[in-house]
> 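Sharing a structure with you now.
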Amino acid sequence: MTVQGTCHGDFAEVRAEFEANFAHRGEEGAGVHVTVDGETVVDLWGGDAGGRPWREDTLTHVWSCTKGATALCAHVLASRGDLDLDAPVTRYWPEFGGATTLVRDLLAHRAGLAALREPAAPGLLRDWAATTAALAAQEPFWEPGTRHGYHALTFGHLVGEVVRRVSGLGLAEFFEKEVSGPLALDFWLRLPEDLEPLVAPTLPPPPGSPVSRLYRRAVAEPGSVQALLLTNDGGYAASSNTREARAAEYGSVGGMANARGLAQMYRPLALGGGYNGVRLVDEAQVASMSAVESAGFDEVLLVPTRFSSGFMKSAGNGHLPPADRGVVLAEDAFGHSGMGGSLGFASPAARMSFGYVMTRMGPGIGVNERGQSLVDAVYRALGHRLAPGGPWFR
């Protein structure tokens with residue numbers, strides 16, 4: 001296996017760790033991309049992409065990294081003054097049943113709508129109107145705003161419907177018009193059919209991989225929110241590698257991208273909100289995107305988590321088994337991981353953005369040792385040190 005691409009000499013350790021992922025950590029096909037001060041310092045790829053070599057333009061499913069794109073759409077509207085994150089959801093979505101639920105609660109996983117209660121018909125999540133109507137009418141699992149729990153499959157419909165109501169555009173259309181188009185990103189919330197030949201299918205974790213607390217609770221308690229999340233998805237997980245799934249609009253988990261697309265989406269946010277004449281948000285909005293909103297025990301993942309308004313924050317949980325750990329970043333950093341290990345984030349204090357994607361998924365729903373090794377190497381190259389248990393600091 002040959003790693004291709006470019007890597008600035010100051011970031012040689014990133015290339016070494018990327019190669020070590022293939023040699024020692026079970027990597028099969030992957031890419032990593034890093035920008036600093038707006039300039040690309042790492043752009044590497046290699047391995048297998050579904051029976052053919054991974055190429056510079058190969059795309060793959062990035063799962064919950066999609067939530068970062070959806071959250072960004074809401075922040076674009078907020079930065080323009082079109083959306084008040086502290087307003088009730090009903091101001092923009094009158095049919096929404098939670099009168100006390102704020103837009104910020106949707107973004108910070110506090111809405112209590114972490115799974116669908118009623119049995120989901122096959123393909124339900126592909127039906128935007130039906131899914132949003134079901135969520136609007138559903139009784140929350142907890143009082144909105146009082147606790148937080150990861151809205152793994154519902155986040156995109158909840159936040160995306162607010163984006164649609166405010167902008168008049170569907171989520172994928174808004175993202176393409178306001179974000180991915182102007183920035184020329186390799187990132188799609190609804191993949192065009194002519195790009196199907198570029199797709200490398202994702203592969204499940206190796207047999208015998210550790211399982212998370214979420215999965216153990218789902219098996220032990222069939223009526224739990226965890227069980228509903230995993231089993232009441234209208235067949236999404238089973239069909240995620242199909243053209244039908246890639247053509248649909250989900251907002252939580254359906255994004256298709258490469259490492260370049262992830263890192264370059266976060267690049268403007270690492271630079272105060274704009275890049276190369278494209279301003280997504282103002283600096284005040286970047287600060288809001290970085291600020292912690294929810295922290296502590298997660299009612300769904302059953303481990304401590306930390307979220308800003310729509311983005312994951314550093315939460316290493318290094319004392320926990322591998323399948324339950326989060327990602328260790330600098331405290332200012334914000335972004336999102338995807339099930340099995342993909343990751344994109346901005347680290348504004350370092351003016352750095354990062355993207356990593358892969359085909360072979362690891363244990364748990366977050367970052368594993370392959371992605372974390374790359375993050376660690378980038379921060380070391382930038383002169384950061386690791387506090388005991390995290391975060392990275394300078």
Side-chain angles (χ1 to χ4, degrees), residues 28-31 45 47-70 73 116 120-132 134 152-157 160-161 163-164 169-177 179-181 184-205 229-262 265 336-342 344 355-361 365:
E28 296 194 29
W45 62 88
D48 179 78
R52 61 186 185 277
W54 191 289
R55 304 190 326 184
E56 182 179 10
D57 57 356
T58 294
L59 303 169
T60 196
H61 189 184
V62 295
W63 294 89
S64 285
C65 291
T66 312
K67 292 181 176 69
T70 297
C73 291
L116 291 163
L124 176 68
L125 294 182
R126 295 196 299 272
D127 187 333
W128 187 273
T131 302
T132 54
L153 294 179
T154 58
F155 177 95
H157 289 87
E161 180 64 6
V163 170
R164 189 184 75 82
L169 300 175
L171 177 64
E173 185 180 1
F174 183 89
F175 179 69
E176 183 175 355
K177 179 176 183 288
V179 180
S180 64
L185 301 181
D186 291 344
F187 197 153
W188 285 265
L189 299 190
R190 194 170 51 203
L191 188 71
E193 188 169 9
D194 64 334
L195 297 182
E196 279 289 325
L198 301 180
V199 173
T202 52
L203 305 170
L229 164 62
L230 295 179
T231 63
N232 193 33
D233 66 350
Y236 173 75
S239 66
S240 61
N241 264 332
T242 66
R243 169 60 196 159
E244 189 174 38
R246 292 190 284 265
E249 184 177 44
Y250 298 100
S252 286
V253 291
M256 302 296 296
N258 51 36
R260 185 180 304 105
L262 284 175
M265 181 182 77
H336 222 289
S337 65
M339 185 169 68
S342 53
Y356 162 69
V357 304
M358 75 296 139
T359 54
R360 176 63 71 185
M361 301 166 74
I365 67 168

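For reference, positions follow the sequence shown, starting with 1.
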> Just so I know, are the side chains of Leu153 and Val253 near enough to count as touching, which here means a heavy-atom distance under 4.5 Å?
yes

> Report yes if the side chains of Thr154 and Thr131 come closer than 4.5 Å at any heavy-atom pair, otherwise no.
no

> Drop me the distance from Asp233's CG to Ser240's OG, to the nearest 0.5 angstrom.
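Taking CG in Asp233 and OG in Ser240, the distance rounds to 9.5 Å.
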
> Side chains of Cys65 and Leu262: closer than 4.5 Å at any heavy-atom pair?
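Of all side-chain heavy-atom pairs linking Leu262 with Cys65, at least one is under 4.5 Å.
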
> Please tell me if the side chains of Leu203 and Glu28 come closer than 4.5 Å, counting only heavy atoms from C-beta onward.
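With C-beta onward as the side chain, the pair touches.
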
> The test is side-chain contact (heavy atoms from CB on, under 4.5 Å); show your working for Lys177 and Phe175 and say whether it passes.
CA-CA 6 Å; Lys177 179 176 183 288; Phe175 179 69; over 6 Å; no

> Can you give me the closest heavy-atom contact between Gly234 and Ala120, atom names plus distance?
N-CB, 3.7 Å

> What heavy-atom pair brings Ala200 and Trp54 nearest, and what distance separates the two atoms?
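Here Ala200 and Trp54 meet closest at CB-CZ3, 4.1 Å.
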
> Checking Arg260 side chain against Glu56 main chain: does a donor-acceptor pair fall under 3.5 Å?
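Confirmed, Arg260 side chain pairs with Glu56 backbone.
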
> What do the steps show when you test Ser64 against Lys67 for side-chain hydrogen bond (donor to acceptor under 3.5 Å, both in side chains), and what is the final call?
CA-CA 5 Å; Ser64 285; Lys67 292 181 176 69; 2.7 Å; yes

> Would you say that Ser180 contacts Met265 through its side chain, given a criterion of any heavy-atom pair below 4.5 Å between the two side chains?
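They are not in side-chain contact.
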
> Sub-3.5 Å donor-acceptor pair from the side chain of Thr70 to the main-chain atoms of Gly251, do we have one?
yes

> Atom CD of residue position Glu249 - does it have more than 12 heavy atoms of other residues, nucleotides or ligands inside 6.0 Å?
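Enclosed: over 12 neighbouring heavy atoms sit under 6.0 Å from CD of Glu249.
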
> How far apart are the C-alpha atoms of Trp63 and Val357, what are their side-chain angles, what is the distance that settles it, and do they pass the side-chain contact (heavy atoms from CB on, under 4.5 Å) test?
CA-CA 10 Å; Trp63 294 89; Val357 304; over 6 Å; no

> Can you measure from CG (Asn258) to CG (Asp186) and round to the nearest 0.5 angstrom?
4.5 Å

> Please tell me if the side chains of Arg360 and Pro204 come closer than 4.5 Å, counting only heavy atoms from C-beta onward.
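Sidechains of Pro204 and Arg360: in contact.
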
> I'd like to check His157 versus Leu171 (side-chain heavy atoms, cut-off strictly below 4.5 Å). Are they in contact?
no

> Would you sort out whether Arg126 and Tyr236 count as a side-chain contact (heavy atoms from CB on, under 4.5 Å), showing the intermediate values?
CA-CA 9 Å; Arg126 295 196 299 272; Tyr236 173 75; over 6 Å; no

> Report yes if the side chains of Trp188 and Arg246 come closer than 4.5 Å at any heavy-atom pair, otherwise no.
no

> Between the side chains of Arg190 and Glu173, is the shortest nitrogen-to-carboxylate-oxygen separation below 4.0 Å, so that they form an ion pair?
no

> Out of curiosity, Thr60 OG1 to Leu198 CG, how far, rounded to the nearest 0.5 Å?
11.5 Å

> Got a donor-acceptor contact below 3.5 angstrom from the Ser239 side chain to the Gly235 backbone?
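Side chain of Ser239 to backbone of Gly235, a donor-acceptor pair under 3.5 Å: yes, one is there.
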
> Say you draw a straight line from CD1 of Ile365 to CE of Met339; how long is it, rounded to the nearest 0.5 Å?
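One finds 8.5 Å between CD1 of Ile365 and CE of Met339.
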
> Between Asp48 and Gly29 (side chain of the first, backbone of the second, donor and acceptor by atom type, cut-off under 3.5 Å), is there such a pair?
no

> Nearest 0.5 Å, please: how far is CZ in Phe174 from CG in Leu189?
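Separation between the atoms: 11.5 Å.
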
> How close do Trp128 and Glu161 get, counting heavy atoms only, and between which atoms?
NE1-OE1, 2.8 Å

> Identify the two heavy atoms, one from Tyr356 and one from Ala30, that lie closest to each other, and give their separation to 0.1 Å.
CE1-CB, 4.1 Å

> Within this structure, what is the CE-CG distance for the pair Met256 and Leu195, rounded to the nearest 0.5 Å?
9.5 Å

